[in-house]
Amino acid sequence: MGPEDFPTVGDWVLVRLPAHPTDLATIERLVERQTVFVRKAVGRSTSAQLVAANVDWLLLCMALDGNFNLRRLERYLAVAAASGAQAAIVLTKADQSADLAAAKAEVATVAGQTPVIIFDATRPDGLAALEALMQPRLTYALLGSSGVGKSTLINQLTGSTNLATQSVRSSDAHGRHTTTARQLLKLPNGSLVIDTPGMRELGLLEADVDATFADIQALAAQCRFRDCQHQSEPGCAVQAALAAGELTPERFASYQQLKAEQADHQLRGKARENAKIERMFGGKKQMQAKMKAVRQKRK
Ligand SMILES: Nc1nc2c(ncn2[C@@H]2O[C@H](COP(=O)(O)OP(=O)(O)OP(=O)(O)O)[C@@H](O)[C@H]2O)c(=O)[nH]1
Ligand SMILES: [Zn+2]
C-alpha cells in the first residue's frame, strides 16, 4: 500500500457507522477518484504526496495588481489541463486594475476556451460572475499565489468573515483533527470548496503543456521537420511566426520552459518507477522473470 491508498481531502468513502454514536466510524472503501492532485513530497525527490481528490473545477486565481503575470497563468493552465478538472480563470482585485479591458484582452491571448471571471471584493456584486458558475455538489479548488485574495474570496462565498467556523470538519466531537488548516468547506448553495495549503502551492508536476499552447502546436504542425526544435531549422513555422510578430517571444519562452520542466518531471517519474521495481523485485530482469513465472503458472 502506498500513500495513494489512503483517503485524502475530497475523497468519497463508504463508512460503517459505529453501534454507539460516540465511537469511531470505520472507512470500508474508498470510492474511485475522478481526479487527483499530487505534489512532490518535501525532502524526498522521488515520492509524491496526495493533495486533493475529486476536484471538479480549478479556480486559477490571479490578482489584477502587481501579481498579474501571464506566464504564471500559462503555468496554471498547463497544470489544469493535465488534472482532469475543468478550469476557470478568476481575476481578483479588479478595483486595482488601471485598465481592466486591456488586462482582459491580455488574458484572452492565453486563456483559450477557459472562462475568465472577474472578482472585485470591494463591490457588493463582485461575486456575481463566480456564483453564476458554481454549481451544487461540485467541488472547487483555488490555485493562486499568496495574497491574491483567495481567503477573501472564500469568506465572501461562505458569507462569513471567520473561516474557521465554516470548516465542515470542525464538528468532530473527538477533536482528533489536530490540523488547524481548513480542508473542505460547504457553501450555502451546496458547492464544495477544497482549500488546503498544499493545493495553493501546487507546482508543475503533472502538466499538459501542449494542450495549453494550442497555438504553438498548430504552428509546429506546419514545420518542415516533424521533430523540429523550433531553433534554427529551415522551414520552421514557429520561428516564422516569431519573426512576423504573430507569436510573442515571451510566450514562446514560457512554452519552452514548461516543456523542459515537464520532460524533467517525466524523467523523475521514470526514476521513481525504476526505484520501485528495484525495491520489489531487485531489478528489471528479476521482475520480468517473475512475471514470466506467473504467466506459466496460469497456463
Ligand atoms: N483592493 C482589493 N484588495 C483585496 C481584494 N481582495 C482581497 N484583497 C486584499 O488582499 C490582501 C490579501 O488577501 P487574502 O484573501 O488574504 O489573500 P490569500 O490569497 O488568501 O493569501 P494567502 O492566505 O497568503 O494565500 C488582503 O489585505 C485583502 O484585504 C480586492 O478585490 N480588492
Ligand atoms: Zn519548428
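As the structure lists them, so they are numbered: ligands from 1, and atoms in each ligand from 1. Since the structure is predicted, the reported quantities are computational estimates derived from the model, not experimental observations.
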So between V148, L142, T152, D95, whose heavy atom ends up nearest atom 29 (O) of ligand 1?
T152

Shortest heavy-atom approach to atom 6 (N) of ligand 1 - which of S97, A121, A63
A121

Has ligand 1 got any nitrogen or oxygen that is less than 3.5 angstrom from a nitrogen or oxygen of T92?
no

May I ask whether G147 places a heavy atom under 4.0 Å from ligand 1?
yes

Which angle, to 10 degrees, forms at the Zn ion (ligand 2) with ND1 of H230 on one side and SG of C223 on the other?
100°

Rounded to 10 degrees, what angle sits at the Zn ion (ligand 2) between C228 SG and C236 SG?
110°

Would you check if V15 and L17 make a side-chain contact, meaning some heavy-atom pair closer than 4.5 Å?
yes

Would a 4.5 Å heavy-atom cut-off, applied to side chains only, mark L59 and L130 as touching?
yes

Ligand-residue contact atoms, ligand 1 with Q96, heavy atoms, under 4.0 Å:
1 (N)

Provide the number and element of each atom of ligand 1 under 4.0 Å from a heavy atom of S151.
15 (O), 18 (P), 20 (O), 23 (O)

Does the pair E250/R71 count as a salt bridge with the N-to-O cut at 4.0 Å?
no

Using 4.0 Å as the upper bound for N to carboxylate O, is an ion pair formed by R33 and D11?
yes

Look at the rings of Y140 and W57 and say which category their plane angle falls in: under 30° parallel, 30 to 60° tilted, over 60° perpendicular.
parallel

The salt bridge (Lys or Arg N to Asp or Glu O under 4.0 Å) partners of R137 (sequence neighbours excluded) come to none

